[in-house]
Amino acid sequence: MTKLARRAFLISASVLGGGLLVGAGATAIGLQRIAAFEVPLDGGRAGFGAWLRVAADGVFEVMVPHQEMGQGIHTLAMMVAAEVLHLPLSAVRAVAAPDAAVFANPVMLLDGLPMDFHDDGLLHGATVWTLDKLLRLLGLQGTGGSSSTRNIEPAIRRCAAVALDMLRRAAAAEFGVDEAQVSAQNGVMTASNGRAARYGELAAAAGLLRPRNVDLPPLTAGRLIGRAVTRPDARPKATGVARFGIDTRLDGQLYAAIRHAPRLGGRPQTARLGPTVLGVRQIVSGADYVAVIATTFAAALAGLDGAEIVWDDRAASNLSTGDVEAAYRAALDQGPTYARRWVIEQAGASARVGGRAVTARYKAPFLAHTTMEPINATALVERAQVTVWAGHQSLSLAKLIAARAAGVAPEAVEVRTPYLGGGFGRRADLHYIRKAVEIAMAVRGTPVQTIWTRAEDLRDDVYRPAAMADVSATLGDDGMPTSLTYRIAVPSVTDQFTARAMPAAKGGLLADRSAVDGAVFSPYQLANRSIEHFSVDLGIPVGFWRSVGHSLGGFFFETFIDELAYAAGVAPLVFRARLLAAAPSATSDRAEVLLQRLASWDMANRLPIVAAGSVIGRGVALSECFHSLVAQIAEVEVTGSAIRVRRVHAVVDCGCAIDPANTIAQVRGGIHYGLSAALYGRIDFENGAIVQSNFHDYRALTLADAPEISVELVNSNAPIGGVGEIGTPGIAPAVGNAIFAATGQRRRSLPFTL
Amino acid sequence: MMALTVNGTQHRLEVAPETPLLWVLRDQLGLGGSKFGCGAGLCGACSVHVDGAVVRSCQMAVGDIGERAVVTIEAVQEQPGIADIAAAVVAAWVQAGVPQCGYCQPGFVMATIGSIATDRSQSREAVLGQLSNICRCGSYDAVREAVGITLDRLRHDAP
Ligand code: FES
Ligand code: FES
C-alpha cells in the first residue's frame with residue numbers, strides 16, 4: 001500500500017475521531033486513538049491503524065504493548081481481536097507493539113492517583129477524562145497494576161470492528177454487491193451471490209478504504225470471549241522452547257556474574273581478579289557492585305568467587321530490622337513527627353464518637369519478589385547504538401534507563417523483550433538494566449549477559465516495605481462501628497520508584513495512595529473514617545510487589561474487620577454483609593453477592609473432622625482492588641505450632657472474565673503468592689546486610705503445602721477489572737482469621753507463627 | 001577434554017570438571033530449556049534425567065557424570081521407553097493450561113515424566129508427592145489436574 005493511501009486512514013480517522021469522542025467516557029476509544037499511529041507494515045499486506053495489520057502470510061497481527069509475564073495478555077489481546085473479526089484464534093498473532101505514545105498505559109498511572117474511584121459524579125468523571133488525556137501524553141508504556149487488559153482491550157475491540165467494516169466494504173466492491181449482502185465468518189467474506197474471498201485476499205484493498213465509524217461491539221461472551229481457550233504459549237513453555245531473557249544467545253556473547261556490596265550503601269574499594277580461571281576476561285566495578293566477565297557464566301561465577309574484593313563500608317547502613325520497627329513505633333506513638341502524606345478525615349472522625357473502643361496494632365515484614373527467572377539482562381553497546389534484551393515491565397523506562405547509563409539518546413536504544421519469567425512488580429524497577437549496560441560498556445561491540453544469582457537477586461531487590469499500623473474503632477450499641485481510625489507507618493514506594501526511575505521528576509508532591517490502599521477506599525464505606533500515612537523511610541529500597549499497598553492494607557484492615565465482628569459478637573460473614581448494607585452502593589451490591597456465594601460454599605462444604613490434637617477453622621476476607629472484588633475463605637488446620645492451609649475458596653467479580661481459565665489461574669496464582677508470604681515470607685537486615693539468600697531461608701510454597709484453591713467467577717458486567725493481583729491481598733487476613741477461629745489466638749504480625 | 005552424552009549425542013567439551021551440568025547444557029551445548037532458578041538444588045527448574053533418574057542439574061558436576069546418559073527437555077519426547085509418558089505429560093500440561101510465566105515449567109515437566117516413569121501404576125498422589133519444584137506463579141492446582149489427566153490417558157492407552 002502506498003504511503004499516501006495509508007495516510008488517508010490517519011487523516012480521515014482523526015477527523016472522524018473528534019466527533020466520536022463527544023460525550024465519551026475516559027475509556028471510550030475513538031478512531032482518533034487507534035489511528036494516531038500507523039504500525040509499520042514490516043512487509044505485510046495492510047495496516048489498520050495502530051493496533052492491527054495483516055502480515056504477508058495472511059495472519060492478523062495485533063499489537064500488544066504489554067509484556068507477557070504469565071498473565072496471558074498476548075492470548076487475551078488475540079481473543080478480543082479474533083472475536084470481533086470473526087476469525088479463529090489461530091488466524092491471529094500477538095506482536096510486541098513499537099514504542100509509540102498511542103501504546104501508553106494511562107490506566108496504570110490513573111489508578112495510583114489519590115482519588116476515590118467509587119465516585120461516579122460528573123466532576124470526578126471529567127477529572128478522570130482529563131487526566132487520562134494528560135497521562136496518555138506522557139506516552140509511558142508499562143505493564144503492571146493489573147491493568148493490561150483494561151488498557152488495551154477497548155482499543156483493540158474498536159480497531160478490529162473498523163477493520164472488519166473495511167474488509168466487508170472491500171468485499172462488496174469486489175463482488176459487485178451491496179455491503180449488507182456480505183457476511184463475515186471464519187475469516188471469509190461471503191456475498192449473497194455466492195462469491196467469497198478470504199480476508200487475506202481482501203486486505204490490501206480494504207486497507208486503502210477510508211475508515212468509518214461503526215458501533216463498538218460489546219464485550220460479552222461470544223465464540224471465544226468467556227470460553228476457555230488453549231493459550232498459544234502453553235506448549236512452547238511446557239516443552240522448553242519458549243525463550244526468556246536469560247535464554248538470549250548472540251554471536252560472540254559473553255557472560256557476567258555480579259556481586260553487590262554485602263551492606264546497603266557499601267561500595268567496592270578495590271577489586272582484583274584472583275588466580276586464573278579459564279575463560280575469564282575482566283573485572284568491572286560499579287557504584288555498589290563488582291562484576292566479572294567471562295566466556296561462560298560458570299567461568300564468570302568462578303572468577304568472581306576467586307576475586308579479591310575489598311568493600312568500602314564507610315557509607316554503609318547499619319540498620320537492622322528492629323531499628324525499622326522502632327522507627328515505625330515511634331512515628332505511630334509520638335504522632336506526626338514525620339511527614340504526613342495522606343490524611344482523609346471525614347466529618348467527626350477526629351472528634352471520637354463515644355462508645356466501646358477496639359484498637360489493634362499490626363505489622364508486616366519486608367518481602368522479596370523471587371521471580372522464578374532470576375534478574376538478568378543482556379546488553380550490546382556500540383558506538384552510536386545500544387541494544388538490550390531483557391524482561392521488563394516498561395519499554396519506555398527500559399529505553400530511558402539504558403540511554404542514561406550509556407550516555408546516548410533514548411532513540412539510540414533498542415529494547416527487545418522476550419518472555420518474562422515472572423514480574424510481580426520486580427521488573428518495573430530497572431536498575432538491573434542500567435547495571436547490565438554499564439558492564440557491557442567495558443567490552444563495547446560485544447554483547448554481555450549479566451545474571452544475578454539467587455542471592456544477588458535477593459540482595460539487589462526493591463522490597464515490599466515493612467509496615468506497622470494502628471487501627472481503632474468505636475462501636476455503637478448495636479455493635480456496628482461508629483468511627484474508624486487507620487494510621488500506617490510505611491515508606492512511600494511511589495516516591496522511591498520515581499526518584500530511581502526519573503531523578504529529574506519531582507516526587508512526593510502527591511499523597512501516595514498505594515501506602516493506604518486496602519484501607520482508604522473499601523466497599524464498606526464506613527462513616528467517620530480517619531486515615532493517615534506516616535512516611536517513614538530509612539533508606540531500604542522498596543518497590544512494587546504484587547498488589548502493592550493492598551498486600552499490607554488488605555491484611556491490616558480485613559483482620560481488624562474480623563476483630564470488630566468478634567467484638568460485636570456477630571459471625572464474620574454476617575458482620576461484613578451488615579457493614580455493606582449500612583452504606584449501599586453499586587460496589588457494595590456486588591460485594592454482597594460475593595459474600596452470599598461464599599456463605600453458600602461454607603454451608604455446602606462442612607468442616608472436616610480432624611485428628612485429636614488438631615483444631616480447624618475458617619476465616620474470610622473481602623478485597624476490592626484493581627477495580628475487581630474478591631471474597632475468599634481459607635480453611636486452616638492447626639496442630640501444635642504447625643499451620644496448614646487445607647483449602648481456599650474464592651469468589652471473584654472482575655466484571656467480565658474474557659478468558660475464564662486464565663482468570664482462575666491468575667487468582668490462584670495471586671493467592672499462592674500471598675500465602676507464601678503469609679506463612680514464610682520475611683526479609684531481615686542485620687547491620688545493613690540482608691539475612692536471607694535463597695529459597696531455603698526465603699521459602700516459597702511447593703505442591704506439598706499448597707492448598708487446593710477453587711475459584712468461582714461472577715460476571716456482573718460491571719466495567720472490566722484487573723485480575724493479576726487481586727487474589728493476593730485477601731489470603732493473609734483469611735488465613736489469620738481462620739487461625740483465630742480455630743485457636744482463639746489473634747495473630748497481628750506476618751508471617752504467622754504460633 | 002571431557003566426554004558427555006546428552007540427548008543421545010556424544011560431545012567433547014573443554015570444561016572444568018566441577019562445572020555444574022546446568023551451565024554446560026545452557027552455555028556450551030545451547031540447550032536453554034533447562035532453567036537456572038536457585039543454583040542450590042532447591043527449586044527444580046534445572047531438572048534433567050541422568051540414566052532415567054530426575055536430577056537437579058545445578059547440583060551435578062559435569063565431571064561426575066561419566067558414561068551416564070543425560071536427557072533434557074529438548075529431547076525427552078523422543079526417548080525410547082518414556083516417549084509416550086513425555087507426550088502425555090506435555091499434552092496434559094497444555095490441556096490443563098499449567099504454564100503461566102512458564103519459567104519453571106520445563107523442570108516441572110521433566111520431574112513429572114521421571115516420577116511417572118518409575119512406576120506407571122502409581123496413584124496421582126504418589127506422583128505428586130515426588131514433585132517438590134517451586135512455581136512462583138502458583139500453577140500447583142493446574143499441575144494436580146494435569147498429572148491426573150496424564151495418568152488417565154496412559155492407563156487408557158495401555159495395551
Ligand atoms: S536451579 Fe537447580 S534446583 Fe534450582
Ligand atoms: S509458571 Fe511461572 S514460575 Fe511456574
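Naming: A, B, ... by sequence-line order, numbering from 1 per chain.
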Fill in: Q28(B), part contacting chain A, at a heavy-atom distance under 4.5 Å
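Only the side chain of Q28(B) comes within 4.5 Å of chain A.
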Worksheet item: With distance as the sole test, does K237(A) use its side chain to make a donor-acceptor pair with the main-chain N or O of Q100(B) at under 3.5 Å?
Response: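 Yes.
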Item to complete: Verify the neighbour count for atom CG of L278(A): are there more than 12 heavy atoms of other residues, nucleotides or ligands below 6.0 Å?
Response: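 Atom CG in L278(A) is not crowded, with 12 or fewer foreign heavy atoms closer than 6.0 Å.
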Discussion item. Less than 4.5 Å apart, side chain to side chain, heavy atoms only: is that true for R249(A) and D27(B)?
Written reply: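 Answer yes - side chains close enough.
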Discussion item. Which atoms of V143(B) are under 4.5 Å from chain A, going by heavy atoms: the side chain, the backbone, both sets, or neither?
Written reply: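 When you check distances to chain A, only side chain atoms of V143(B) fall under 4.5 Å.
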Discussion item. Which one wins on heavy-atom pair count under 4.5 Å against chain B: G423(A), G421(A), A238(A)?
Written reply: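 Of G423(A), G421(A), A238(A), A238(A) has the most heavy-atom pairs under 4.5 Å with chain B.
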Worksheet item: Can you tell if the side chain of F36(B) reaches within under 4.5 Å of the side chain of N376(A), non-hydrogen atoms only?
Response: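 F36(B) does not reach N376(A) side chain to side chain.
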Worksheet item: Where the side chain of R454(A) meets the backbone of G37(B), is there a donor-acceptor pair that is under 3.5 Å apart?
Response: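 It does hold such a pair.
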Discussion item. So for L675(A), is it side chain, backbone, both, or neither that comes closer than 4.5 Å to the heavy atoms of chain B?
Written reply: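 No part of it gets close to chain B.
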Item to complete: Keeping the roles fixed (side chain from R144(B), backbone from L703(A)), state whether a donor-acceptor pair exists under 3.5 Å.
Response: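 Such a contact is found between R144(B) side chain and L703(A) backbone.
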Discussion item. With a 4.5 angstrom heavy-atom cut-off, is it the side chain or the backbone of L420(A) that approaches chain B, or both, or neither?
Written reply: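 The answer is the backbone of L420(A).
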Worksheet entry | Spatial distance of atom SG (C104(B)) from atom CD (E373(A)) [nearest 0.5 Å] |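 Between atom SG of C104(B) and atom CD of E373(A) there are 12.0 Å.
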Worksheet item: M69(A), Q253(A), Q449(A): which one forms the most heavy-atom pairs within less than 4.5 Å of chain B?
Response: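 Ranked by contacts with chain B, first place is M69(A).
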Worksheet item: For P236(A), is it the side chain, the backbone, both or neither that has a heavy atom under 4.5 Å from a heavy atom of chain B?
Response: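 For P236(A), there is no contact with chain B at all, as no heavy atom is under 4.5 Å.
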Item to complete: Tell me, for A242(A) versus chain B, whether the close heavy atoms (under 4.5 Å) come from the side chain, the backbone, both or neither.
Response: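 Answer is backbone: N, CA, C or O of A242(A) sit under 4.5 Å from chain B.
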Worksheet item: With distance as the sole test, does R136(B) use its side chain to make a donor-acceptor pair with the main-chain N or O of A700(A) at under 3.5 Å?
Response: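 Judged by distance alone, no pair lies under 3.5 Å.
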Discussion item. Counting heavy-atom pairs closer than 4.5 Å to chain B, which one of H369(A), R235(A), Q71(A) comes out on top?
Written reply: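 Of the candidates given, the most pairs with chain B belong to R235(A).
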Worksheet item: Given that the side chain runs from C-beta out, which part of S676(A) has a heavy atom under 4.5 Å from chain B: side chain, backbone, both or neither?
Response: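 Side chain only.
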Fill in: Side chain Y140(B), main chain L701(A), donor-acceptor under 3.5 Å
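Yes, because the side chain of Y140(B) sits within donor-acceptor range (under 3.5 Å) of the backbone of L701(A).
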Discussion item. Can you tell me which portion of Q95(B) sits under 4.5 Å from chain A's heavy atoms? Options are side chain, backbone, both or neither.
Written reply: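 No part of it gets close to chain A.
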Item to complete: Go through the atoms of S132(B) and report whether side chain, backbone, both or neither lie under 4.5 Å from a heavy atom of chain A.
Response: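 For S132(B), the backbone is the part near chain A, not the side chain.
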Discussion item. Quick check on E67(B): does its CD atom have over 12 non-hydrogen neighbours (other residues, nucleotides or ligands) under 6.0 Å away?
Written reply: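 No, because the 6.0 Å sphere around CD of E67(B) holds 12 heavy atoms or fewer from other groups.
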Worksheet item: With no hydrogens and no angle check, is any side-chain donor or acceptor of R26(B) less than 3.5 Å from a backbone partner on F297(A)?
Response: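 The answer is no, because no donor-acceptor pair under 3.5 Å joins these two groups.
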